[in-house]
There are 2 protein chains.
Amino acid sequence: MLQRLLFNTAQPVPIKDMPLFAGLAESERDSLLKEGRFCSCPRKKILFRQGDPVTHFYVVCSGTVRLFHETPDGCEITTDIFTVGDTICEMEIFQFCNAHFSHAEAVHDVVLIEFPKLWLEEKIQQHKMILRNMLTVLARRTILREAEVERQATMSALQLVACFLQHMVVAHDLDARGFELPYSKSLIATRLGMELETFSRSWSKLRGIGIAVKGKNVQINNPSAVEQHVCGRCSFMEHCRV
Amino acid sequence: MLQRLLFNTAQPVPIKDMPLFAGLAESERDSLLKEGRFCSCPRKKILFRQGDPVTHFYVVCSGTVRLFHETPDGCEITTDIFTVGDTICEMEIFQFCNAHFSHAEAVHDVVLIEFPKLWLEEKIQQHKMILRNMLTVLARRTILREAEVERQATMSALQLVACFLQHMVVAHDLDARGFELPYSKSLIATRLGMELETFSRSWSKLRGIGIAVKGKNVQINNPSAVEQHVCGRCSFMEHCRV
DNA sequence: CGATCGTTTGATCCGCATCAAGATAGGTGG
DNA sequence: CCACCTATCTTGATGCGGATCAAACGATCG
């Protein structure tokens, strides 16, 4: 059943793609996962809300989860989009936050495994491998965040979109020569911190650097041209394969 | 000598302010620190450069260190400003990066303790307290970064400056009714991701919400007015004391 | 077939970057 | 002590990118 749920998704999850369990034997990983409780969450449902007490740690088995903040004046910022293998809430737990600082919402139907937050505290003490992985996950999150700040500060909307598409191809293992966007354009726009209109207007300009978009379908015809157009701005990641 | 260097700074360092050693007895902390090597770094000197191999882990004893990225087209982004008690390079180490992705430069004359990067790996295995603190430090960094992304996305230049000044008062334990900026305006501007001109122009508008600036001197006359002007945008931190 | 959701396109406006020129202050040497 | 210099900051004028408001368009669905 565990295997079925973990692997019977659109994209199978190789063990290397569960960062928290990297380097563990498959059997060992599965027995750890069995200590948690499955829970499913239909599309659009809120998993937890900003301000709710932090009680669990989650591993995503399938589907997509969106984390977002809501400012008092009603503006929403999507801060993360999580898919298979990602972990949720480790930051709140290690920072001793007793309340969530983001809302979490299911974008597509989601299945996740939940663990009491104490479980995580125990595992990092017991398993050196889990500890090491946890540190790497946290470090990685910070680095990605830093890259994001840098991009937001130096890149135009056009470049942000091009960069996002490139990253998506890698992260979702898509064929650059023709693929479907895995989620809605509005979601991507909020993730990139821009208005839907601005996002939409970028298509015509993107054609200029060899990216054709029609509906949900995207074709990146000339990856190197894109690279060249964007790379002048996207600097430091090259020093660190993440 | 250790004590002198650690405490003979403009602002003494209470043990609570060294996040990596929080909860340790003073003696225990000092004996750990003695395993490192002191090294001093005069103003303007580069501690390490983007792309340099990662060899050490650092704890700041005094002075101010600026981390910044440099994009291929020459634009500089200040990503962090570190002072007494802060740790540098844990992210690179835990992410197994073999090259620095930031430049590090001494803003004021700096004294730091350096440890081989293996030292850090060993200590987190040996000391449960250090491990716990390390996780907290990493989680905290990520959260602060996230807050930064949110601020950059939702706040105007004016609000960013007001917010920064408020944070600085808390972080440096200053008297809001009248204090000197601890570093240059240009540095602050690059840290806030805005041009010096924009930063400069904010003074006149800040007067409108009760903040008077003359040279390096700042007076926040009406903290609650500032709070009100900014808080509508600065949301999620209230759920998490960091 | 209308209704709703998600997206595109158009027109306008504002904030910040940019370029350019002055102002202030700290430091040095005569 | 003053003249000069350089670093740092302020102020002014202008232009562009993206937000905002508004309306049309296309798909999906009951």
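Letters A, B, ... are given to chains in the order of the sequence lines, protein chains preceding strands, and every chain is numbered from 1. Side chains included, hydrogens not; waters and symmetry mates left out as well; all remaining heavy atoms used.
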Quiz item: Do B:Q159 side-chain atoms and B:S156 backbone N/O form a donor-acceptor pair below 3.5 Å?
Solution: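 Yes: the side chain of B:Q159 pairs with the backbone of B:S156.
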
Quiz item: For B:R43, does its backbone N or O pair with a side-chain atom of B:D109 as donor and acceptor, under 3.5 Å?
Solution: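 A pair under 3.5 Å: yes.
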
Quiz item: Roughly how many Å is it from CD in B:Q152 to P in C:dG15, rounded to a whole number?
Solution: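 For the pair B:Q152 CD and C:dG15 P, the rounded distance is 17 Å.
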
Exercise. Flag the pair B:E76 and B:R66 as a salt bridge only when some basic side-chain nitrogen lies within less than 4.0 angstrom of an acidic carboxylate oxygen.
Key: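 Result for this pair is yes, salt bridge flagged.
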
Quiz item: Can we say A:R145 and A:E148 salt-bridge, meaning some charged N sits less than 4.0 Å from an Asp/Glu carboxylate O?
Solution: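 Between A:E148 and A:R145 there is a salt bridge, with a charged N closer than 4.0 Å to a carboxylate O.
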
Quiz item: Along nucleotides 6-18 of chain D, 5' to 3', which nucleotides get a B, which get an S, and which get a -, given that the test is a protein heavy-atom distance under 4.0 Å?
Solution: ---SBBBB----S

Practice problem: Could you check B:F68, B:F48, B:Y58 and say which one makes a ring pair (Phe, Tyr, Trp, His ring centres under 6.0 Å) with B:H100? | Solution: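 It is B:F48, the one option of B:F68, B:F48, B:Y58 that forms the ring pair (Phe, Tyr, Trp, His ring centres under 6.0 Å) with B:H100.
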
